[in-house]
There are 2 protein chains.
Amino acid sequence: MRKRATAKEVADAAGVSKWTVIRAFTPGASIAEESKRKVLEAAAALNYSPNLLARSLATNSTRQVAVFVDDFANPQKLPFLETLTERLQAEGLVAVLININTHFDHVHALLHADQRQVDAVILFGTAFRSETLSDLQLGRGTPPMFVLARDSQIEGVPAVVCDAELALREIVDHLHERGYRRPGFMTGAPALSTALRRRHHFADFWKQNGVDEIASLSADKYSAGAGAEAVRSYLEQTAPADRVDVLMCENDILALGAMDEIRSRFGLRIPEDIAVVGFDNYEFCGSPAYSLTTYEQPRQEMIQVIVGMIAGRLEPETVTLQGTLVVRNST
Amino acid sequence: MRKRATAKEVADAAGVSKWTVIRAFTPGASIAEESKRKVLEAAAALNYSPNLLARSLATNSTRQVAVFVDDFANPQKLPFLETLTERLQAEGLVAVLININTHFDHVHALLHADQRQVDAVILFGTAFRSETLSDLQLGRGTPPMFVLARDSQIEGVPAVVCDAELALREIVDHLHERGYRRPGFMTGAPALSTALRRRHHFADFWKQNGVDEIASLSADKYSAGAGAEAVRSYLEQTAPADRVDVLMCENDILALGAMDEIRSRFGLRIPEDIAVVGFDNYEFCGSPAYSLTTYEQPRQEMIQVIVGMIAGRLEPETVTLQGTLVVRNST
DNA sequence: TTTCTGTTTGCTACCGGGTGCAAACGGGTG
DNA sequence: CACCCGTTTGCACCCGGTAGCAAACAGAAA
């Protein structure tokens, strides 16, 4: 049933050799107008189109890029995936979406991507532990890797990220200017170096503004429920007088979860009793029901850069891009 | 640099022929314990693993499934993608995510997927116009296609969907029971046959309950902004006495956008002035800020079924599964 | 007519593995 | 020791293209 026409068959039909058929499908190849016409006619009749698999094998390039994702709870992934696939497709590349989870970890995924001969791997919001990687890399031959929207912990693996230091400086300056003085910071995965780095910057900039103490909240993952739970446990254990006046959350999902909890369970007002700041500028942050102050990552530019590196137009190196503070009613 | 070891090289290192090497990597192949051990040792030393590209070419099976997506505005796509990739990976399959947009339409995408020799194509929430397809299909040889979360308009292409008729019956019964009598229906893409069908069912069941008139609102796409705009234009043009008492929106995103607009721009209460119903049970519908009554699709089952068909365990045929009405405070 | 040069075409070798058959092997039996 | 049979191994050929060289075929210049 699913037998496809091959170049050889088209060649026979057109009365030429299979190499001439291939030339007809190779832009810029040396071929006479006349034979090209004949070939294309025969090809159309037989419904022939070149087999990219065979081509990939011969050229040693699949034009496929593996995209590793491990956190589907953050709806912000979706616009990133949209832009990423669009940009890759514009380069003639295609994304192989790989779900990293407990059944299929980074090592499996990388091995698999490697066996599939992908041209590159994008670690989108995930990262290898570097020890894990060094085990694998000794046998030279993993495809080139790039980290998107997260710091690279691995020597020689470039990352394209939003400048967290700058972002946190802008946020802290904004909050300080608005008069907040008792800040808190909620992380989603306390073990993550990225998370620690952000909290560090946050604390640092407050210190520069004369505020030494930062309340620390931690959710155990990046979900609305976890954000709600973290803020609940904090508010239950903290007397009203000791509470933070502004809570910075590591991403919007935590922030939205926290806002719900603050308002409906504790009956507190935002921003009068507690202000809230998120990170990502997820679409719903702008809704009047939340109106969350947040920070927008320069998604288009980030993806343009990472795809440029993969396509070989840009030097592969870590790039840090500036985002935008989006001030709304939650602060 | 990126030279990988081949079966031949491993064979030389292990002192056997390349076919013996291949047998060592083929489960169930006939090979002596002793030589298998030798081969695996040599393979480990050389960091060899089989080239799936070459294998795909030889076996005529890539174990890749193309997933076509054209609407990234609906955050509900994300959990679907998560479950889908997970289930596919559990079958040893992998998802190639293809973004259908104005630069890369269905026909391009199908042609591309076909050239890549994918084992199947999943139309996730999108659909071909059947004329378009018949043009392509005459040359037999497109990969098997399946439609997910949307009706198939194409003869012979099975779909896995949530039972819309049943869903709308449950919803209408619930609304009628709650005492609503002036229903409205908001579609996201009035031209879509799926949308028309749903509205039809909606009207039909109301008629069975003695309500003949259904207000009709239409957004021009499935986004919160479009939902807000549609409800704004409706409320502006409709005197309070003539307004609907309940508005059913084709999906949650429209509904959430509509809720924002109803409350903050018109100062109306939900559900007292206007009740709202959505569809999908997107995570945020449960948040106290919205608490939207909606209908949850049986995501896990749908995906289990479609992957089962692709893997060949299930007969490929259109399957309709029952979802769950989730009643919250918006009705 | 011969020579030269540029275009067009065909061919060999190859990418890295898979298939099915035939030969080699090895141990038990008569 | 010959024979038989089941296991293990090697081989020719195939999957559908690509690369680069060499032959064939122009048409123009000598």
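So you know, we letter chains A, B, ... as the sequences are listed, proteins then strands, and number each from 1.
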Between [X] and [N], is there a side-chain N or O to OP1/OP2 distance below 4.0 Å?
| X | N | answer |
| --- | --- | --- |
| T20(B) | dG10(D) | yes |
| R55(A) | dT18(D) | yes |
| S35(B) | dT9(D) | yes |

- Task: With DNA chain D as reference, determine whether A54(A) or A32(B) sits nearer its 5' end, using the nearest nucleotide of each.
- Result: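 Result: A32(B).
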
- Fit a plane to each ring of H106(A) and F128(A), take the angle between them on a 0 to 90° scale, and name the class: parallel (under 30°), tilted (30 to 60°) or perpendicular (over 60°).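 Tilted.
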
- Item | Aromatic plane relationship, F124(A) with F80(A) - under 30° parallel, 30 to 60° tilted, over 60° perpendicular |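 Geometry flag for F124(A) against F80(A): tilted rings.
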
Could you state the atom-to-atom distance from [atom1] of [X] to [atom2] of [N] in whole Å?
| X | N | atom1 | atom2 | answer |
| --- | --- | --- | --- | --- |
| R116(B) | dG17(D) | CZ | P | 14 Å |
| R37(A) | dT8(C) | CZ | P | 15 Å |
| K38(A) | dT8(C) | NZ | P | 14 Å |
| N51(B) | dC14(C) | CG | C1' | 14 Å |

- Message: I'd like to know if K18(A) reaches the base of dG17(D) with its side chain, counting only an N/O donor and acceptor under 3.5 Å.
- Response: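 Answer yes: a donor N or O sits under 3.5 Å from an acceptor.
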
- Query: Checking only heavy atoms, does the side chain of W19(A) share a donor-acceptor pair with the base of dT8(C) at less than 3.5 Å?
  - Reply: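 Result: no qualifying N/O pair found.
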
- Query: Charged N to carboxylate O below 4.0 Å: is that the case for R37(B) and E34(B)?
  - Reply: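 A salt bridge is present here (some side-chain N lies under 4.0 Å from a carboxylate O).
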
So which protein N/O to nucleotides 24-27 of chain C N/O distances come out below 3.5 Å?
none

- Would you please name every residue forming a salt bridge (charged side-chain N to carboxylate O under 4.0 Å, His left out) with R197(B), sequence neighbours left out?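 Counting only residues at least two positions away or on another chain, R197(B) forms a salt bridge (charged side-chain N to carboxylate O under 4.0 Å, His left out) with D151(B).
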
- Message: I'd like to compare against my own output: the B/S/- annotation of nucleotides 21-28 of chain D with a strict under-4.0 Å heavy-atom distance to protein.
- Response: --------

